[in-house]
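Below, read A as the first sequence line, B as the second, and so on, with proteins coming before strands; counting in each chain starts at 1. For clarity, every value in this text was computed on a predicted model and none was experimentally measured.
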There are 2 protein chains.
Amino acid sequence: MEKQNVTIYDVARESGVSMATVSRVLNGNSNVRQATKDKVLAVINELDYRPNAVARGLASKKTTTVGVIIPDVTDGYFSSLARGIDDIATMYKYNIILANSDDNPEKEATVLNTLQSKQVDGIIFMGNEINNKLRAEFKRSSCPIVMAGSVDTSYTSPSVNINYVDAVKDETNRLIEHGNNKIAFISGSLRQAINKDYRLKGYKESLKDNGVDFDDKLVFETEGTYDAGYNLAESLWKQKITAAVVTNDELAAGILNGMTDRNISVPEDFELFTSNNTKIAKMVRPQLSSITQPLYDIGAVAMRLLTKIMNKEKVDDRNVILGYGIVERKSTR
Amino acid sequence: MEKQNVTIYDVARESGVSMATVSRVLNGNSNVRQATKDKVLAVINELDYRPNAVARGLASKKTTTVGVIIPDVTDGYFSSLARGIDDIATMYKYNIILANSDDNPEKEATVLNTLQSKQVDGIIFMGNEINNKLRAEFKRSSCPIVMAGSVDTSYTSPSVNINYVDAVKDETNRLIEHGNNKIAFISGSLRQAINKDYRLKGYKESLKDNGVDFDDKLVFETEGTYDAGYNLAESLWKQKITAAVVTNDELAAGILNGMTDRNISVPEDFELFTSNNTKIAKMVRPQLSSITQPLYDIGAVAMRLLTKIMNKEKVDDRNVILGYGIVERKSTR
DNA sequence: GTGAAAGCGCTAACAA
DNA sequence: TTGTTAGCGCTTTCAC
C-alpha cells in the first residue's frame with residue numbers, strides 16, 4: 001500500500017528524458033522545449049509524483065522553511081504576529097517551524113540550535129529576555145535572524161518594531177493631562193529590554209517633561225498574566241494610585257476586572273492604558289484604551305524582510321519602525 | 001566567515017575513526033567502545049559539529065518533524081491545542097511545521113501536500129470543514145494523520161475530542177431547567193461536522209427530552225467572530241429569544257457585549273452558554289458560563305497518540321474522548 | 001567494536 | 001535544449 005516511492009528518476013524514465021530535464025521543469029527553468037515540458041508534466045501527473053523536499057534541500061542547501069521562535073502561541077500579541085509571519089511565508093513559498101520558548105533563554109538557545117541543524121533558511125525571533133549565552137548563539141548563527149515585536153539593546157539584528165518609548169510616553173502624557181499625579185507603570189519582567197529600556201524610559205520621560213517626580217515605588221514588575229493583574233488591583237488602589245500604564249493586555253484586563261470586582265470604577269476612580277490592542281482590549285468592559293499597534297503587519301513585514309535577506313537582496317532599512325497610534329476607549333476619562 | 005561546513009566526515013577524520021562510528025555515537029548506538037566514544041565526543045565538541053538534519057532525514061527517511069494544520073493561530077481555542085501539541089512534540093524530539101488554513105478546504109489540501117513533500121513524519125489536523133477532495137488527500141496520505149479537537153463524520157482517522165453532543169445537550173438542559181423555552185443555537189458554519197452533526201444534535205436531543213418543539217428559526221448560522229456576535233445580539237432580543245447556546249467563545253463574547261451595550265442584561269434578560277472556555281470566557285463581564293474542555297490536553301494527547309502511531313506501537317484507542325465539564329458563571333442564572 | 005561502501009532523491013555544473 | 005555525473009551529509013547493511 002504505502003507508496004511514496006515514485007522519484008524523479010521514475011518520471012525521467014517514463015517520459016524518456018533525463019533527471020536533469022525533469023528537474024528543470026520542476027524548477028521552472030526556462031531552457032526546456034514546450035513539448036518536452038508538456039510530456040514531463042503529463043507523466044508527473046500520471047504518476048502522481050511529488051518532489052521530495054528533503055532531498056531537494058540537501059542538494060540545493062535551501063529548505064524553504066524558516067524557524068519561528070515565539071514565547072507562547074497562546075498569547076494574543078504574539079499569535080497575531082505569527083499569523084502575519086505565516087501568511088507572508090506562505091506567499092513566498094516558505095513554511096514555518098514554530099517553537100514555543102516561554103521567554104526562557106535556555107529553551108531559546110536549544111531551539112535555535114535545533115532549527116539550525118534542521119537547516120532552516122532563516123529565523124524569526126520573538127521574545128525579549130536575551131542573555132549572553134543566547135546572544136552568543138545569535139552571533140554564531142549561520143542563518144539570518146530577524147526580530148519581530150521584540151528588542152535587544154546590546155545586539156542589533158534586523159528587526160521590526162514600533163517606537164515603544166514614544167508610545168508609552170504618549171500614554172503617560174495623556175494620563176497626566178487627565179490630572180493624575182500618581183501613575184503606576186506596570187509591566188512584565190524588567191529583565192526584558194522592551195520593558196526596561198524602552199517602555200519604562202518612555203514613562204520616565206513623560207514624567208520628567210511634565211515635572212512629575214519619578215517614584216520607583218510606582219513601578220510594578222509582575223508576571224504578565226491576567227491573574228497577576230487581577231491580584232494586583234487592590235493593592236494599587238490602597239496605595240492611592242489613580243492611573244496606570246500597563247505593558248501587556250492580559251495583565252491590564254486582570255487589573256481592570258480586579259478593580260471592577262472590588263467596586264473600584266474604571267475610569268472614574270482609576271484610569272488604565274494598555275499597550276498592545278489585542279482582541280481582548282475590545283472585549284472587556286469597559287473597553288481598554290490602548291496603544292494601537294499593527295500587530296499582523298509587524299509579523300508580515302518581519303517575514304518580508306527576512307525573505308529579502310535570505311535572497312541577499314539589498315535592504316536599506318534593517319531596523320524597521322512601524323507607526324503606532326493611541327485609542328482612548330472607556331478605561332480612560 | 002560563514003562556516004557551517006564541518007561534517008561528519010571531518011569529525012571522523014579528526015578523531016581517527018570512520019563516519020560509521022561517528023554516526024553510531026551520534027545515534028546512541030551501544031556498540032561503541034567507551035574510549036572511542038569519548039574521543040569522538042571530544043572532537044565533536046571541539047569542532048562545534050552539529051549534525052545536518054536534512055541529510056539525516058534523507059538517509060533515514062525520518063525528519064522528526066510533524067505538520068500541524070490549524071484554522072487560525074489567533075483563535076484562542078486552536079492556539080491552546082497548538083500549545084499542547086508543541087510541548088509534547090518537543091518532549092519527543094519533534095518539531096512542528098505550523099500552517100494556517102482558515103478552515104479553507106483548498107488551503108488545507110495544498111498545505112497537506114506541501115507537508116508531505118517535506119516528508120513530515122506525521123500530521124495533526126485541526127479544522128472541521130472537510131470536503132471530498134480533502135478527504136481524498138487524507139486517504140492518499142503516506143503519513144499518519146490525527147485530528148485534534150476536530151471531527152469528520154465520514155472519515156475516521158485517529159482523533160482526540162470531547163463528546164460534543166453530550167456537552168451541548170447538558171448546556172441546553174440547564175437552560176431549559178432555568179425556565180427558558182425559546183433557546184437559540186448559534187454556531188459558525190453548519191458545513192462543519194462538529195456543529196452540524198454533533199452540537200446541533202445535542203441541542204435537538206435536549207429539546208426532545210424536555211418536550212420542547214424544535215424550531216429551525218432558532219438555529220443561527222453565522223461567522224464565528226466577535227463582530228458577528230455583536231451584530232446578532234439585537235435581533236436575537238427582538239425575536240423574544242431568552243437564551244442561547246453558542247459554539248464559539250469569541251462569538252459568544254460578541255453577543256454578550258452586543259446585548260449589554262443595548263441595555264439587555266445578561267443573565268437577567270438573556271442567558272448565554274458558550275462552548276470552549278478559552279481565556280476570554282473569564283475576562284468578559286459577566287463571565288461566561290461554558291463547557292469546560294481540557295484544551296491543552298486535547299492537543300497534548302493528540303500529539304502523544306501521533307508519536308505512538310509513527311512508532312508503530314499498538315494503540316488500543318484510536319479515537320480518544322476526553323472528559324468535559326460545565327461551569328456556570330455569570331451569564332446564566 | 002569498527003570500517004567500507006552503497007545509497008537516500010535531488011540539484012547543478014559541465015558537456016554535448 | 002538536453003544529458004552525464006558528481007556530489008549534498010548522513011544512515012545502514014555487510015564485512016571483518
Side-chain angles (χ1 to χ4, degrees), chain A residues 2-41 43-44 47-65 93 114 116-121 142-143, chain B residues 2-41 43-44 47-65 114 116-121 142:
Chain A
E2 293 241 349
K3 292 190 297 183
Q4 177 50 19
N5 39 9
V6 26
T7 74
I8 198 174
Y9 179 78
D10 298 318
V11 355
R13 183 173 28 72
E14 284 303 309
S15 38
V17 300
S18 71
M19 288 163 52
T21 298
V22 177
S23 176
R24 285 190 189 98
V25 345
L26 245 31
N27 295 295
N29 187 311
S30 46
N31 291 25
V32 184
R33 209 194 317 149
Q34 187 63 44
T36 321
K37 192 182 208 166
D38 292 344
K39 187 173 51 183
V40 171
L41 253 17
V43 173
I44 285 178
L47 262 45
D48 196 20
Y49 166 69
R50 238 178 334 203
N52 179 324
V54 173
R56 196 185 276 209
L58 183 57
S60 68
K61 296 182 172 308
K62 283 184 182 15
T63 54
T64 63
T65 95
K93 311 287 185 205
T114 311
Q116 293 191 259
S117 79
K118 294 229 167 161
Q119 314 298 118
V120 295
D121 298 333
S142 48
C143 74
Chain B
E2 294 240 351
K3 292 190 295 185
Q4 175 51 19
N5 36 9
V6 25
T7 74
I8 197 174
Y9 179 78
D10 297 318
V11 354
R13 184 174 27 73
E14 284 302 308
S15 39
V17 299
S18 72
M19 289 164 51
T21 299
V22 178
S23 176
R24 285 189 188 99
V25 344
L26 245 30
N27 295 295
N29 188 311
S30 47
N31 291 28
V32 184
R33 208 195 318 150
Q34 187 63 43
T36 321
K37 193 182 205 165
D38 292 343
K39 187 171 53 181
V40 171
L41 252 17
V43 174
I44 285 178
L47 263 46
D48 196 23
Y49 166 69
R50 238 177 335 201
N52 179 323
V54 173
R56 195 184 277 211
L58 183 57
S60 69
K61 296 181 172 307
K62 284 186 182 13
T63 54
T64 63
T65 94
T114 310
Q116 294 191 259
S117 79
K118 295 227 167 162
Q119 314 299 118
V120 295
D121 297 335
S142 47

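With sequence neighbours left out, B:T63 forms a side-chain hydrogen bond (donor to acceptor under 3.5 Å, both in side chains) with B:D121. In terms of the side-chain contact (heavy atoms from CB on, under 4.5 Å) criterion, residue partners of B:A12 (sequence neighbours excluded) are, by chain and number, B:M19, B:V22. Listed by chain and residue number, nothing satisfies the side-chain hydrogen bond (donor to acceptor under 3.5 Å, both in side chains) test with A:T114 (two or more places apart in sequence, or in another chain). Applying the side-chain hydrogen bond (donor to acceptor under 3.5 Å, both in side chains) test to B:D38 and every residue at least two apart in sequence or in another chain returns B:Q34. Residues meeting the side-chain hydrogen bond (donor to acceptor under 3.5 Å, both in side chains) test with A:K39, sequence neighbours left out: none.
For the pair B:N31 and C:dT2, the criterion of a side-chain N or O lying under 4.0 Å from OP1 or OP2 is not met. Put simply, B:K62 has no side-chain N or O that comes within less than 4.0 Å of OP1 or OP2 on D:dT11. Side-chain nitrogen and oxygen atoms of B:Y49 include at least one within less than 4.0 Å of the OP1 or OP2 phosphate oxygen of D:dC10.
The nearest whole Å value for the distance from the CG atom in B:N29 to the P atom in C:dG3 is 13 Å. Between B:Q119 atom CD and D:dC10 atom C1' the separation is 16 Å, expressed in whole Å. Atom P of nucleotide D:dG9 and atom CG of B:N5 are separated by 8 Å, given to the nearest angstrom. For the pair A:I8 CD1 and C:dG9 P, the computed distance is 12 Å after rounding to whole Å.
For residues 9-34 of chain A, the set of pairs meeting the salt bridge (Lys or Arg N to Asp or Glu O under 4.0 Å) definition, not counting sequence neighbours, comprises A:D10-A:R13.
DNA chain D is contacted by B:M19, B:A20, B:S23 of residues 15-23 of chain B, taking any non-hydrogen atom closer than 4.0 Å. Sorted by residue number, the list of members of residues 32-41 of chain A with any non-hydrogen atom under 4.0 Å from DNA chain C is empty.
Between its two ends, the helix from C:dG1-D:dC16 to C:dA16-D:dT1 turns its axis by 30°, counting five pairs per end and rounding to 10 degrees.
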